[in-house]
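Just the heavy atoms: all of them, side chains too, but no hydrogens, waters or symmetry mates, feed the values below.
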Amino acid sequence: MRSVTYSMGVSLDGYIVGPDGDFNWTEPDADVFRFWIDEIRDVDVHLLGRRLYETMLYWETAEQDASLDDSELEWAALWNPLPKVVFSTTLSSVQGSARLASGGVAEEIERLRAEPGEGDIAIGGATLAAQAAEAGLIDEYRAVVHPVLVGGGIPFFPRSERRVDLELVETRTFDSGVVYLRHRVARA
């Protein structure tokens with residue numbers, strides 16, 4: 001069965017977006033960007049909330065930007081054909097290889113898990129991840145922790161009354177001070 005992974009950049013104090021809506025502190029250096037390229041290679045489908053989808057729309061036409069370097073072109077070549085499912089109550093259409101979700105996140109994940117495939121089902125966006133976590137559907141949490149305190153905003157982890165035990169699977173420290181933490185949900 002395909003794993004469901006939740007992977008995002010996060011501040012040391014636990015936020016994916018600061019209180020002012022800013023997340024420019026997550027802009028990756030070359031090593032971290034290479035990491036994101038390598039990670040996306042293992043993804044079969046990406047589930048996104050509306051805000052993340054709209055942020056990532058840039059990559060739909062990025063290859064037309066003459067200022068892109070080879071790694072950015074490589075990312076665009078991997079990201080654009082990747083199937084995406086967008087969860088939104090306000091969008092009526094999406095672009096490229098994306099489609100609007102027809103049901104809730106739990107139903108969509110169960111449907112995708114029933115399909116053949118080897119790669120991960122990736123979730124992007126805290127609200128969407130919180131819904132999947134509440135249903136016990138996230139298999140791995142992958143936090144790319146940036147050395148900054150933003151003091152509030154949208155938290156990486158949902159506020160939940162339920163305990164979830166995790167097993168550390170992998171860590172990596174980048175020269176920039178960014179730390180990657182990969183934890184698998186410990187299932188009894």
key: Hphob cluster co-occupancy, Val169 + Ile138, side-chain heavy atoms under 4.5 angstrom   = no
query = Asp139 pairs by salt bridge (Lys or Arg N to Asp or Glu O under 4.0 Å) with which of Arg113, Arg182, Arg2, Arg184?
reply = Arg113
message = Holding to salt bridge (charged side-chain N to carboxylate O under 4.0 Å, His left out), I want the full list of residues that pass it with Arg172, two or more places apart in sequence or in another chain.
response = none
inquiry  = Testing the basics here: between Trp36 and Pro28, what is the closest heavy-atom pair and its distance to 0.1 Å?
reply    = CD1-CB, 4.4 Å
query = Does the gap between the ring centers of Phe174 and Tyr180 come in under 6.0 Å?
reply = no
remark   = Looking only at heavy atoms, the pair that brings Ile123 and Ala132 closest together is CD1-CB, 3.5 Å
ask   = After noting the C-alpha distance and the side-chain angles of Trp79 and Ile40, does the key distance pass the side-chain contact (heavy atoms from CB on, under 4.5 Å) rule?
value = CA-CA 8 Å; Trp79 178 258; Ile40 203 70; 3.9 Å; yes
query = For Pro155 and Ala126, which heavy atoms make the closest approach, and how far apart are they?
reply = O-CB, 3.3 Å
inquiry  = Restricting to non-hydrogen atoms, name the atom on Val144 and the atom on Val32 that form the minimum distance, rounded to 0.1 Å.
reply    = CG1-CG1, 4.4 Å
ask   = Say you draw a straight line from CG of Asp70 to CD of Glu72; how long is it, rounded to the nearest 0.5 Å?
value = 9.5 Å
message = List the residues meeting side chain to side chain donor-acceptor pair (under 3.5 Å) with Ser7, not counting sequence neighbours, and say none if there are none.
response = Glu39
Test item: Arg34 and Trp75 side chains (from C-beta on) under 4.5 Å apart, heavy atoms = no
Salt bridge (Lys or Arg N to Asp or Glu O under 4.0 Å) contacts in which one or both residues fall within residues 146-157, not counting sequence neighbours = none
ask   = Should Tyr58 and Phe33 be regarded as members of a common hydrophobic cluster, given that ILVMFWY residues are connected when their side-chain heavy atoms come within less than 4.5 Å of each other, either directly or indirectly?
value = yes
ask   = Who are the side chain to side chain contact (heavy atoms under 4.5 Å, CB included) partners of Gln131, not counting sequence neighbours?
value = Val105, Thr127, Leu128
request  = Could you tell me whether the side chain of Lys84 and the main chain of Gln95 form a donor-acceptor pair under 3.5 Å?
outcome  = no
query = What are the two closest heavy atoms between Glu63 and Glu60, and how far apart are they?
reply = OE2-O, 3.7 Å
task = Please round to the nearest 0.5 Å and tell me the distance separating atom CD of Glu74 and atom CG of Asp69.
result = 10.0 Å
query = Just how far is it from atom CZ of Phe23 to atom NE2 of His146, taken to the nearest 0.5 Å?
reply = 11.0 Å
message = To the closest 0.5 Å, what do you measure between CD1 (Ile121) and OG1 (Thr5)?
response = 9.0 Å
message = Show the nearest heavy-atom pair for residues Val86 and Tyr53, with the distance to one decimal.
response = CG2-CD1, 3.5 Å
query = If only atom types and distance count, is the side chain of Asn80 paired as donor or acceptor with the main-chain N or O of Trp59 below 3.5 Å?
reply = yes
ask   = Would you say the ring centroid of Phe157 lies under 6.0 angstrom from that of Tyr141?
value = yes
key: Test side-chain contact (heavy atoms from CB on, under 4.5 Å) applied to Leu100 and Leu91, step by step   = CA-CA 8 Å; Leu100 286 169; Leu91 294 176; 4.2 Å; yes
request  = Look only at the side chain of Ser97 and the backbone of Leu82, and say whether a donor-acceptor pair between them is shorter than 3.5 Å.
outcome  = yes
query = Any donor-acceptor pair under 3.5 Å linking the side chain of Asp120 with the backbone of Ala122?
reply = no
remark   = Sorted by chain and number, sequence neighbours left out, side chain to side chain donor-acceptor pair (under 3.5 Å) with Ser11 holds for Asp13
task = Determine whether Thr90 and Arg50 make a side-chain contact, defined as any pair of heavy atoms from C-beta on separated by less than 4.5 Å.
result = yes
query = If you measure from CG on Leu78 to CZ on Arg41, what distance do you get to the nearest 0.5 Å?
reply = 5.0 Å
Results of side chain to side chain donor-acceptor pair (under 3.5 Å) for Glu107 - residues two or more places apart only = none
ask   = How long is the span from the CG atom in Leu47 to the CZ atom in Phe87, to the nearest 0.5 Å?
value = 5.0 Å
message = Using side-chain contact (heavy atoms from CB on, under 4.5 Å), reason through Leu166 and Val185 one step at a time and then give a plain yes or no.
response = CA-CA 5 Å; Leu166 304 172; Val185 173; 3.9 Å; yes
query = Do Tyr6 and Phe156 have ring centres separated by under 6.0 Å?
reply = yes
key: Connected via hydrophobic side-chain network under 4.5 Å: Val17 and Leu12   = yes
inquiry  = If you count every heavy atom of other residues, nucleotides or ligands that lies below 6.0 Å from Asp175 atom CG, does the total exceed 12?
reply    = no
task = Using a strict cut-off of less than 4.0 Å between a Lys/Arg side-chain nitrogen and an Asp/Glu carboxylate oxygen, indicate whether Arg51 and Glu54 qualify as a salt bridge.
result = no
query = What do you reckon, is CD of Glu115 surrounded by more than 12 foreign heavy atoms closer than 6.0 Å?
reply = yes
